Amino acid sequence: MLVVTWNCNSIRARMPRLLELLRTHQPDVVCLQETKVAAGLFPHLELAMAGYTAIDHSSGTWNGVAVLVPIDTDAAGCVFGLEGQPRPEEARWLEVVVRGVRIVSVYVPNGRRPDHPRFAEKLDFLDAAAARTAVLVESGPTVVAGDINVAPTDDDLWNPRRTTGRTHVTPEERDRVAVLLEQGVRDAWLQAGEGGRYTWWSNHPAAVERDQGMRIDLTLVSDHLDVRRCLVDASFRRGERPSDHAPVLTWLDP
DNA sequence: ATGGTCGGTATCCGA
């Protein structure tokens, strides 16, 4: 089972690249973040023409997550939102059961700056995510995939000196991610990653050329499942109208 | 040296 997670940074702006992703990799599950679309404008028809059904959790201009599966695959048990999340009106957490696996598409708040009120909310969101993940793992096979907006270690940064004191790298954020990883899930890339590890590069044109990136998009897999392979397809960070994130591909065995 | 670009019912703000 191939599970892809991708912060597409607007599903409507990214439709050509999303269709390319579906054609190229023919994934069994796609977790999307930052779809940035109102529910009524979600491109269900175009996706259906490409052979996919979408469950979307949409909140208009900002945020938005979705899970895509092939049209002949059953998607059930949908849960919209995360119990205990700050600002529940922001669409950042979606659970869907696909082929017996509880799939979560998550978009963790950015946090803006460590001294900003939104930063504390980011920490609260990560706490709620860890608590919910523990419940899900207890009930069966679980995959939590998405834009975590935290680089777990300095190895996940092109230049730790440049990011010290900013969001994504503070001990407070990293402690929360460490707790999340203690809930019966493991980081698929750390276990079976191949090739480049960064998943996000700034929109500064030189950032991609110079590989000045971070690994902030993670696929967390419960111990019910084997991780065969994990890779970041950085080709989607280049070419025509790319997102600022690259998709992460994870091959799982039951 | 604190830049740059991209997205959105948008001529600023968030990332």
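These numbers were taken from a predicted model, which means no experiment stands behind them. Chain A is the first sequence line, chain B the second, and so forth, proteins listed ahead of strands; every chain is numbered from 1.
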For A:L41, answer base if it contacts any base atom (sugar-phosphate contacts may also be present), sugar-phosphate if it contacts only those atoms, and nothing otherwise; contact means non-hydrogen atoms under 4.0 Å. base
Reckon A:R162 touches a base, only the sugar-phosphate, or nothing at all at heavy-atom distances under 4.0 Å? base
Do A:M15 and A:P43 make a side-chain contact, defined as non-hydrogen atoms from C-beta onward lying under 4.5 Å apart? yes
Please check if the side chain of A:E34 supplies one atom and the backbone of A:N9 the other of a donor-acceptor pair under 3.5 Å. no
P-based separation of B:dT2 from B:dG7 [nearest Å]: 25 Å
Interatomic distance at P, B:dT5 relative to B:dT9, whole Å: 22 Å
Pairwise P distance for B:dA1 and B:dA15, with rounding to whole Å: 29 Å
Using heavy-atom distances to pick each residue's nearest nucleotide on DNA chain B, tell me which of A:S202 and A:S10 is more 5'. A:S202
For A:R241, enumerate each residue passing the salt bridge (Lys or Arg N to Asp or Glu O under 4.0 Å) test, keeping only those at least two apart in sequence or located in another chain. none
Quantified in whole Å, what is the C1' atom distance between nucleotide B:dC6 and nucleotide B:dT11? 15 Å
Candidate list A:D72, A:D74, A:D28, test salt bridge (charged side-chain N to carboxylate O under 4.0 Å, His left out), partner A:R99, passing option: A:D28
Residue whose closest nucleotide on DNA chain B lies nearer the 5' end, A:D244 versus A:R14: A:R14
Contacts of A:Q191 meeting side-chain hydrogen bond (donor to acceptor under 3.5 Å, both in side chains) (sequence neighbours excluded), chain-then-number -> A:R186
Quick one: which of A:R118, A:R113, A:R112 gives a salt bridge (charged side-chain N to carboxylate O under 4.0 Å, His left out) with A:D115? A:R113
Provide the start and end nucleotides, 5' to 3', of the part of DNA chain B that has atoms under 4.0 Å from heavy atoms of chain A. B:dT2 to B:dA15
Gap in Å between the two C1' atoms, one belonging to B:dG14 and one to B:dG4, rounded: 15 Å
